[in-house]
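Below is one structure; the comments refer to it alone.
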Protein chains: 2
Amino acid sequence: MFQILIMFSKACEYGIRATVYIAQESLSGNRASLKVIAKEIDSPEAFTAKILQQLARHNLILSTKGPHGGFEIAPENLYHLTLDKIVKSIDGDEIYQGCGLGLKACDADNPCPLHFQFLEVRNKLSLMLHTTKIYEMAEGIVDGSAFLRR
Amino acid sequence: MFQILIMFSKACEYGIRATVYIAQESLSGNRASLKVIAKEIDSPEAFTAKILQQLARHNLILSTKGPHGGFEIAPENLYHLTLDKIVKSIDGDEIYQGCGLGLKACDADNPCPLHFQFLEVRNKLSLMLHTTKIYEMAEGIVDGSAFLRR
DNA sequence: TAAATAAAGGACAAAAAGGTCTTAATATAT
DNA sequence: ATATATTAAGACCTTTTTGTCCTTTATTTA
Ligand code: FES
Ligand code: FES
């Protein structure tokens, strides 16, 4: 009964914040270790590990084991990576499909009474996710105009 | 890890669909019983009961016990009731407050790197919820241009 | 090669959301 | 008054999400 209305699962929140932090480090050529990431974004370490594993499996971030290992974003990805990729990796593929009122299908031929209004909001969200770049978010951290904790 | 991105909790979905159905009946002067509601909107009966109880406690709908009892919407509410009231009754009050990335506070002075983009989407959603009237949704059902199940 | 460091993976635990069942309360009709 | 229909309320169960812990695997450095 008590769930926030829009947005991300905890997994997704941590995933986004972690990725932004990793991007920030990658911008200055450093790798970030799980321990540091979890501390910097104030997230549960082991849980964050699972999420980063997923992102690594989907090749959104790179992971390296051993001393001086950690996570980074490949230079060729760094400036292209958008929010929607992160979200899709974590929350799955069917994000933009289901009916907002929970009907089994969502289509304009058999719409629920909220279909068209809902679509507008969803499209706006979708646009936001597709156009927001991780490195831009990271730059906000670097220049001190945005924060990943507190 | 596997949660849909936007929108309503199941409780909210059922709550909205049930209310729209009740509104539809109220438009023609009838009460709707739990059993019929659950059947018409294809929702679990006992769970739906809980949700309707909440809505009744918040005075969004009226409930009457006994034979020919059931749920209805008071005529003076019928044309004013908007979606946001339903959502607020079920999912609580803090819907429009939290940070999209899960930071402890959401404000423009200490924004997360998604704050301003997020706000745009949230405002659009908020506007939609505040302007969409239940009776209009119900009319869509009546005239056959929208559906509450399938 | 051994020791140290760091991520990967799997089993498990806790919390929240979703859902059921049983009993009580209340209104109606006979 | 009694039987019946209907919602209210509380205890309980199930599934999903969130989170922890421990062992294994890979990499680096001494
Ligand atoms: S049918 Fe409900 S949102 Fe499309
Ligand atoms: S601070 Fe994150 S959405 Fe406002």
Side-chain angles (χ1 to χ4, degrees), chain A residues 1-5 7-19 22 25 30-39 41-73 87 90-92 94 98 102, chain B residues 1-5 7-19 22 25 30-39 41-73 87 90-92 94 98 102:
Chain A
M1 302 288 207
F2 314 96
Q3 177 63 350
I4 202 82
L5 184 60
M7 277 298 207
F8 305 111
S9 59
K10 279 290 162 194
C12 227
E13 288 180 2
Y14 299 147
I16 295 170
R17 274 153 61 198
T19 307
I22 295 167
E25 289 301 291
N30 299 127
R31 279 204 278 249
S33 77
L34 171 64
K35 192 178 291 196
V36 171
I37 294 169
K39 198 172 143 209
I41 71 169
D42 189 25
S43 68
E45 194 175 315
F47 191 41
T48 306
K50 302 287 183 199
I51 297 159
L52 293 178
Q53 279 170 38
Q54 274 191 77
L55 296 177
R57 264 187 251 117
H58 282 86
N59 299 116
L60 301 184
I61 62 180
L62 297 172
S63 79
T64 315
K65 288 180 179 179
H68 306 297
F71 298 89
E72 71 197 292
I73 299 178
V87 173
I90 297 172
D91 279 352
E94 321 75 28
Chain B
M1 303 289 208
F2 314 95
Q3 177 62 350
I4 202 84
L5 185 59
M7 275 301 207
F8 305 112
S9 59
K10 280 288 162 195
C12 227
E13 286 179 2
Y14 299 147
I16 294 170
R17 275 153 60 198
T19 307
I22 295 167
E25 289 300 293
N30 299 125
R31 273 188 201 135
S33 77
L34 171 64
K35 192 177 291 197
V36 172
I37 294 169
K39 198 172 142 208
I41 71 170
D42 190 25
S43 68
E45 193 175 315
F47 192 39
T48 306
K50 300 289 182 194
I51 297 158
L52 294 179
Q53 280 168 38
Q54 275 190 77
L55 296 178
R57 263 187 252 117
H58 283 85
N59 299 115
L60 301 184
I61 61 180
L62 297 172
S63 79
T64 316
K65 288 179 181 179
H68 307 297
F71 297 89
E72 72 197 292
I73 299 178
V87 173
I90 296 172
D91 279 351
E94 321 76 26

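Note on naming: letters A, B, ... go to the chains in the order of the sequence lines (proteins, then strands), and numbering restarts at 1 for each one. Bear in mind that the values here come from a model prediction, so they are computed numbers and not experimental data. Only heavy atoms go into these numbers, but all of them, side chains included; no hydrogens, no water, no symmetry mates.
- With the nearest nucleotide of DNA chain D identified for both B:Ala32 and A:Ala46, B:Ala32 has the one nearer the 5' end.
- Counting only N and O atoms by type, the side chains of A:Arg31 and A:Thr64 include a donor and acceptor under 3.5 Å apart.
- The two residues B:Ala32 and B:Ile22 come nearest to each other via the heavy atoms CB-CG1, 4.5 Å.
- Between A:Gly66 and B:Leu34, the residue whose closest nucleotide on DNA chain D is further toward the 5' end is B:Leu34.
- Rounded to whole Å, the distance from CD1 on A:Ile41 to C1' on D:dG19 is 14 Å.
- The two residues A:Leu55 and A:Gly15 come nearest to each other via the heavy atoms CD1-O, 4.1 Å.
- Between the NZ atom of A:Lys10 and the P atom of D:dG19 there is a distance of 7 Å, given to the nearest Å.
- Side chain of B:Tyr14, nearest nucleotide from C:dG18, D:dT4, C:dG19: C:dG19.
- One can place CG of A:Asp42 at 11 Å from P of D:dG19, the figure rounded to the nearest angstrom.
- Of the candidates D:dA8, D:dT20, C:dG18, the closest approach to any side-chain atom of B:Phe71 belongs to D:dA8.
- For C:dG10, the base has a donor-acceptor partner in the side chain of A:Lys50 [N/O atoms by modelled type, under 3.5 angstrom].
- Checking C:dT26, D:dG19, C:dA29 against every side-chain atom of B:Lys65, the shortest atom distance belongs to C:dT26.
- Distance from the side chain of A:Ser33 is smallest for C:dA7 among the nucleotides C:dA8, C:dG18, C:dA7.
- Of the candidate nucleotides D:dA8, D:dT28, C:dG9, C:dG9 has the atom lying nearest to any side-chain atom of A:Gln53.
- Of all heavy-atom pairs between B:Phe8 and B:Val87, the closest is CE2-CG2, 3.7 Å.
- To the nearest angstrom, P of C:dA8 lies 11 Å from CG of A:Leu62.
- Residue-to-nucleotide proximity on DNA chain C shows that, of B:Pro44 and A:Gly70, the 5′-proximal contact is made by A:Gly70.
- B:Cys12 and B:Asp91 get closest at one heavy-atom pair: SG-OD2, 3.6 Å.
- OP1 or OP2 of D:dA8 sits under 4.0 Å from a side-chain N or O of B:Ser63.
- At a threshold of 4.0 angstrom between heavy atoms, the contacts of A:Arg57 are confined to the sugar-phosphate backbone, with no base atom among them.
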